Enquirer: 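I have a structure here, written as structure tokens, and I will follow up with some questions on it.
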Amino acid sequence: MSDPLTLFARISPKPEHRAAARDAVLDILAVTRSEPGCRRFTLHDDRDGGGDLYLYEVWDDEAALAAHHAQPYTRAVFDRYRTWLSEPVEITRLRAIG
């Protein structure tokens with residue numbers, strides 16, 4: 001079996017959309033966690049009050065992530081992000097080294 005796909009995403013909502021952006025992700029946490037291939041899907045906020053949100057995600061593979069992105073609830077969040085975010089989501093792909 002191959003290594004899991006691990007992602008760290010930084011989401012930067014505009015100040016007036018911070019609560020809505022946070023709530024949109026919170027609303028899909030449970031259903032996302034129940035998707036085949038989802039090992040971890042955790043939302044974090046910025047303790048320093050900067051307003052950014054952070055997603056830590058672990059998927060079995062690219063196919064599981066693609067299936068997640070194709071879900072209607074995920075697409076609905078992405079659609080809202082077009083106007084809610086101050087910049088595009090920054091996604092970092094991680095590899096375990098120890």
Side-chain angles (χ1 to χ4, degrees):
M1 185 173 192
S2 64
D3 289 335
L5 176 62
T6 304
L7 306 173
F8 186 74
R10 183 174 63 90
I11 304 163
S12 300
K14 296 173 185 172
E16 65 271 21
H17 297 295
R18 283 182 184 146
R22 181 193 63 231
D23 291 347
V25 178
L26 288 173
D27 287 347
I28 68 167
L29 284 181
V31 68
T32 298
R33 289 173 178 160
S34 69
E35 290 178 30
C38 180
R39 297 185 184 191
R40 182 169 217 102
F41 191 80
T42 309
L43 182 65
H44 304 263
D45 66 5
D46 184 344
R47 280 191 174 198
D48 296 330
D52 286 344
L53 300 169
Y54 300 89
L55 271 172
Y56 177 72
E57 305 177 42
V58 181
W59 299 91
D60 282 348
D61 51 32
E62 292 283 350
L65 179 62
H68 168 65
H69 286 166
Q71 296 299 319
Y73 48 85
T74 305
R75 294 172 56 88
V77 172
F78 288 161
D79 286 345
R80 288 180 258 167
Y81 276 1
R82 282 187 240 159
T83 57
W84 286 355
L85 300 186
S86 61
E87 59 187 70
V89 175
E90 178 185 319
I91 297 174
T92 303
R93 291 173 174 254
L94 305 172
R95 179 180 58 220
I97 58 172

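On a predicted model such as this, the values are computed, not experimentally measured, just so you know.
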Enquirer: To the nearest 0.5 Å, what is the distance between CG (D3) and CG (D60)?
Expert: 11.5 Å
Enquirer: Examine distances only and state if a side-chain atom of R75 and a backbone atom of H69 form a donor-acceptor pair shorter than 3.5 Å.
Expert: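 No; judged by distance alone, with no hydrogens or angles, the pair does not exist.
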Enquirer: With the threshold set at 4.0 Å, does a side-chain nitrogen-carboxylate oxygen contact exist between D45 and R22?
Expert: no
Enquirer: Counting N and O atoms only, with roles assigned by atom type, does the side chain of T74 sit under 3.5 Å from a partner on the main chain of A70, one being a donor and the other an acceptor?
Expert: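 Checked: no pair found.
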Enquirer: If you link ILVMFWY side chains whenever their heavy atoms are less than 4.5 Å apart, which other residues fall into the same cluster as L94? By chain and number, please.
Expert: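 Via sub-4.5 Å side-chain contacts, L94 links to F8, Y54, Y56, V58.
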Enquirer: How far apart are the closest heavy atoms of P36 and A64, and which atoms are they?
Expert: O-CB, 3.9 Å
Enquirer: Quick one, T32 and V25 - any side-chain contact, counting heavy atoms below 4.5 Å?
Expert: no
Enquirer: Considering only heavy atoms from C-beta outward, does the side chain of I11 approach that of D52 to under 4.5 Å?
Expert: no
Enquirer: Flag the pair R82 / W84 as yes when at least one side-chain heavy-atom distance between them is below 4.5 Å, and no otherwise.
Expert: no
Enquirer: Under a 4.5 Å cut-off applied to non-hydrogen side-chain atoms, are T42 and L55 in contact?
Expert: no
Enquirer: Check step by step if side-chain contact (heavy atoms from CB on, under 4.5 Å) holds for L26 and D23.
Expert: CA-CA 5 Å; L26 288 173; D23 291 347; 4.0 Å; yes
Enquirer: Report the distance from atom CZ of R95 to atom CG of L5, rounding to the nearest 0.5 Å.
Expert: 12.5 Å
Enquirer: List the steps, then state whether side-chain contact (heavy atoms from CB on, under 4.5 Å) holds for Q71 with E35.
Expert: CA-CA 10 Å; Q71 296 299 319; E35 290 178 30; 3.9 Å; yes
Enquirer: On a heavy-atom basis, which atom in G50 and which in R18 lie closest, and how many Å separate them?
Expert: O-NH2, 3.4 Å
Enquirer: Output, in order, the C-alpha distance, side-chain angles, deciding distance and verdict of ring-ring contact (aromatic ring centres under 6.0 Å, His included) for H68 and F41.
Expert: CA-CA 11 Å; H68 168 65; F41 191 80; 5.4 Å; yes
Enquirer: Under a 4.0 Å threshold between the charged nitrogen and the carboxylate oxygen, would R10 count as salt-bridged to E87?
Expert: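 Yes, E87 and R10 are salt-bridged.
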Enquirer: Search all heavy atoms of A9 against all heavy atoms of V89 and return the closest pair with its distance.
Expert: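 Nearest heavy atoms, A9 then V89: CB-CG1, 3.9 Å.
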Enquirer: Is any side-chain heavy atom of C38 closer than 4.5 Å to one of W59?
Expert: yes
Enquirer: Look at the side chain of D61 and the backbone N and O of A63, then say whether any donor-acceptor pair between them is shorter than 3.5 Å.
Expert: yes
Enquirer: Does L7 form a side-chain contact (heavy atoms from CB on, under 4.5 Å) with L65? I'd like the steps, not just the answer.
Expert: CA-CA 10 Å; L7 306 173; L65 179 62; 3.6 Å; yes
Enquirer: So, K14 side chain and T83 main chain: donor-acceptor pair closer than 3.5 Å or not?
Expert: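 Yes.
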Enquirer: Output yes when a side-chain donor or acceptor of S12 lies under 3.5 Å from a complementary backbone atom of S86, and no otherwise.
Expert: no
